[in-house]
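Here's the structure we're looking at; comments come further down.
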Amino acid sequence: MSDVVNDTKIPNNVDLSSDKKLQRALEAWQPNFINWWLEMGPEGFQQDQVWLRTAISVDSDGWAHFDYVKMPDYRWGIFLADKVPDRKIHFGDNIGQPVWNEVPGEHRNTLRRLIVTQGDTEPASVEQQRLLGQTCPSLYDLRNLFQVNVEEGRHLWAMVYLLHSYFGRDGREEAEALLQRRSGDPDKPRILGAFNAPCENWLSFFMFTYFTDRDGKYQLLALAESGFDPLSRTTRFMLTEEAHHMFVGESGVQRIIERTAQLMKQAGMSEDVRKLGGIDLPTIQKYLNLWYTLSLDLFGGEVSSNAASFFAAGLKGRAFEEKNYTEHTALNQSYTLDKYEAGKLSREEIALRNAMNEVLRDNYVEDSQRGLDKWNRVLEKEGIDFRFKLPSRRFHRHIGMWADVPVTPAGEIISREEFEKRKSEWLPTAEDEAYVKSLMTTPVYEKGKMANWIAPPARGIKGQPVDYEYVRHNV
Amino acid sequence: MIDVMDPVAFETHPDRYKHWKLDLTDASSGIARLIMDVQEDHGLRSDYVLKQNSYDLGVDVELADAVQRIRFEHPEVRAIVFSSAKDRIFCSGANIYMLGSSSHAFKVNFCKFTNETRLYLEDASSESGIKSIAALNGVAAGGGYELALACDEIYLQEDGNSAVSLPECPLLAVLPGTGGLTRLVDKRKVRRDHADVFSTVAEGIKGKRAKEWRLVDDVIPRSKFNDTMTKRAKELADASPRAKAKGPGMPLPPLAGSRDRQGAGWIINFKYITLKIDEKKRVAELEVRGPDHDPPKSADEMRKLGPSWWAVQAFRELDAAMLDLRFNFLDVGLLVIRSKGELEKVVAHDKALASLSGSDWLAKEIALFQRRVLKRIDVTSRSLFTLIEEGSCFAGSLLEIALASDRVYMKDDEDNESGIRVQLSPANFGPLPMGNGLTRLQSRFLFEPKRAEELRGREGPMTTQDAVKAGIVTIAPDAIDWDDEVRVAIEERAAMSPDAMTGMEASLRYGGPETLETKIFGRLSAWQNWIFTRPNATGAKGALTMYGKPERPEFDWRRA
């Protein structure tokens, strides 16, 4: 085996050392991945020693191995959750048949598209976040950013593993293309909209990891049910990592709110904390509105024949299909939704299979609320009346039947003029952007120190103190 | 709907004909007579009766066999006279009850076969100088008149009864499916308005008007009919270039093959051909084996080899396998083609055939036969994937099979050690054109016609990379990818809608110019396929369904 493609450099449980096809594909791809990482990964920190978690096996100790490592030397591995013996397809039209261990020819193109779409989001988020390190509020946060970044990189590896192992030449070409597209590039954009939106400040980063990574969680949950077993096993393992990303988002937003609450008290319960260098609650709500709605779009249209056929074929199920549902054909059942067409609102029953995107979105909406409840408890404890709210799922949509319909966050349909007039109440304005940016001009590299706009975390990582040197920057 | 339950057999011999008589009493004058005398109770299935000299597939199989045998076994025959042994009726066409009770898939395959038989008759005339006369000593209706249209000349007996007709539209709400409408205007050049009237009058047209409208070449009184036919046949025979053909003919013995159940399918085995059917996967695998003997060096050696010459036997077996697949395995949608043997040997046999066929009628017949077999593959409504691997011998005439395929997969061995090669031969540059009149290479490079010509004279084996550059190969996975790539491609294709694939493939295979032949098959797969499945023909109250019943058919009047 080569110097770069071997079991030591690439921790794995897929028998890389005896898989010639995979070795060859990775030998061509790995150098391009490293080039991509150097070009599009965190800028200005590639030589730093970062205290990172590396997955070196799937067992409970192995997947969380901590040590200092330079990011380009990070050992991106390939891991599949353990095989479930005699696993059967458990939803759709093929219920009861053995799961596929090879790509069924009939579904090859569909599966490839699903995997490429999922895979594309992983490098995209790294690209979106590549400049954030330069404005970090603490070494703790800087390290968390990098942890998220390298793990998104590993998720890219996971999808590329599937493309390389199961999709032949087309798969290799698609894997290469994953390194060619660039977030926000008008000529070669990433596939999904939210992954082309700029993520230029830490408030956006925390909202992104809370909301957008949560879309990832639900997509992975749905794919973990797949009858294509390698996809199911890959995504099951990815889910363990995704949980950390959402923790970064949830706790990050919470620490901002805590700090804002402190500053509000200092200011005599005035909401104008901007004078004290904090981020005011309405601005936080606007960022929440923005990233939540961009993430809602990622689930696709409300009524989708693609979603129906993915389900029918047994390629993509519902989240916790096996655990949470008793009936798995989803036939002869309906889903009622609000339909908006030609300016008219009505209730309509559609076939359940066609509503699978909406079913997953329902789970997502419910799950998203939990973080808000926590955030609101902080406000309650501090005696502040403001409460964060998830906007209506009709608000600020770009995909589906609510795309570009002027709707308030409360879900009320209004005129286009009114929407334009009031937009600045609901979504970050250029001025808001400029303000948030102004708070984050100087990075904080001092051990244990926090930027003014964010509270310290309750505890450090893996038993280390908060003031641990999580990143050895420029030493 | 009923498909044929027992496998349809395509092998027969004049001794065993039930429905035709091959009369060679005037063979010394160059004339053969094919007399149609359909035995009512000897249809392929027992649920219909072949009244009025109507035919089913079994009748047409005998006709195809007769024409083929005349070409190979009777070089002295230069004219065929078609007539009927029945009083007042020449032929009333395909049996309506047979059509009505057949599945759609069978009907269309039946029509395709009868079209091929008619085209072979025309091919015998244009390529071998065997002229044919339809001596209509009675009514020629529908497929009966279509058979006449396939002849060089049509004569109608004047007896106050005999007429020609295409009653399909008015009576059955379908089209004259054996190329009738196409031949009417394209071959006989009947005026379109006359053809319109003719095709909507169920009882047809007789006498003077039939002649005036060019529906027949002449109308002849009953008393003079037989003599006139013989005289005209003699004239045609005398003028034929086949008069120079030196005997003897080459007999076509029955093919020795086996047909056995194997697992979830069948294995059909001949000397040079194996066809494996996997009914569960709906995939068939065809293996074609190259020559295992030296090519003939002279016409004498060729005659000594006779039907056991690889160039004859392999293609006869291939033809039999394709027909078996077409009729007896309707569910099998994909044919995967492989070959085994030595490239140089195939090329050597191709060259031997090419050099002999310039001067020897028999060699020419063999080349023409290969051409017909390859055309049969072109119009087979199955997805065709050729796989070129170690030990294959897709050269020359066998490379044509690859070129006839919808896709060609060739394994790429980067170090060129496994010897996977293809090779061209003279067979790729003229003697084996498609129905559109172009060679398969020409049909491949419609955008760059020069490319086909540039390959001429390119001798020697080509590596996979060469073949990719030459435009012969669709996809060239390497050894590591090969198994997966091929497996997935096969599974993917076998899962596609059979109707969509039939239509797509037929459209894509015939780029370039239209000919009578491409029009006939194109219209069969588009128009007739559609009309046959419309309720107006085959619905509960459709005309084909209601034929012979007391009620009138009911139509959905909306024009589509």
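In what follows, every chain begins at residue 1, and chains take the letters A, B, ... in the order their sequences are listed. In this text, all values refer to a predicted model and were calculated from it rather than measured experimentally.
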Q) Which is it for Arg24(A) and Asp481(B) under the side-chain contact (heavy atoms from CB on, under 4.5 Å) test, yes or no, and what are the steps along the way? A) CA-CA 11 Å; Arg24(A) 183 190 59 174; Asp481(B) 284 339; 3.5 Å; yes
Practice prompt. Could you list which of residues 168-181 of chain A have a heavy atom closer than 4.5 Å to any heavy atom of chain B, in residue-number order?
Written response: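 Counting heavy atoms that sit under 4.5 Å from chain B, the residues of residues 168-181 of chain A involved are Gly168(A), Arg169(A), Arg172(A).
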Please check if the number of heavy atoms outside [X] that lie under 6.0 Å from its [atom1] is greater than 12.
X: Asp260(B); atom1: CG; value: yes
X: Lys20(A); atom1: NZ; value: no
X: Lys281(B); atom1: NZ; value: no
X: Glu341(A); atom1: CD; value: no
X: Lys450(B); atom1: NZ; value: no

- How about Ile480(B) and Gln23(A): do any of their side-chain heavy atoms sit closer than 4.5 Å?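 When only atoms from C-beta onward are counted, Gln23(A) and Ile480(B) do not touch, as no gap falls below 4.5 Å.
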*Going by residue number, which parts of residues 483-492 of chain B are within reach of chain A, meaning a heavy-atom gap below 4.5 Å?*
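Heavy-atom contacts from residues 483-492 of chain B to chain A are Asp484(B), Glu485(B), Arg487(B), Val488(B), Glu491(B), Glu492(B).
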Is Thr110(A) close to chain B through its backbone or its side chain, or both, or neither, when contacts mean heavy atoms under 4.5 Å?
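Looking at Thr110(A), nothing touches chain B.
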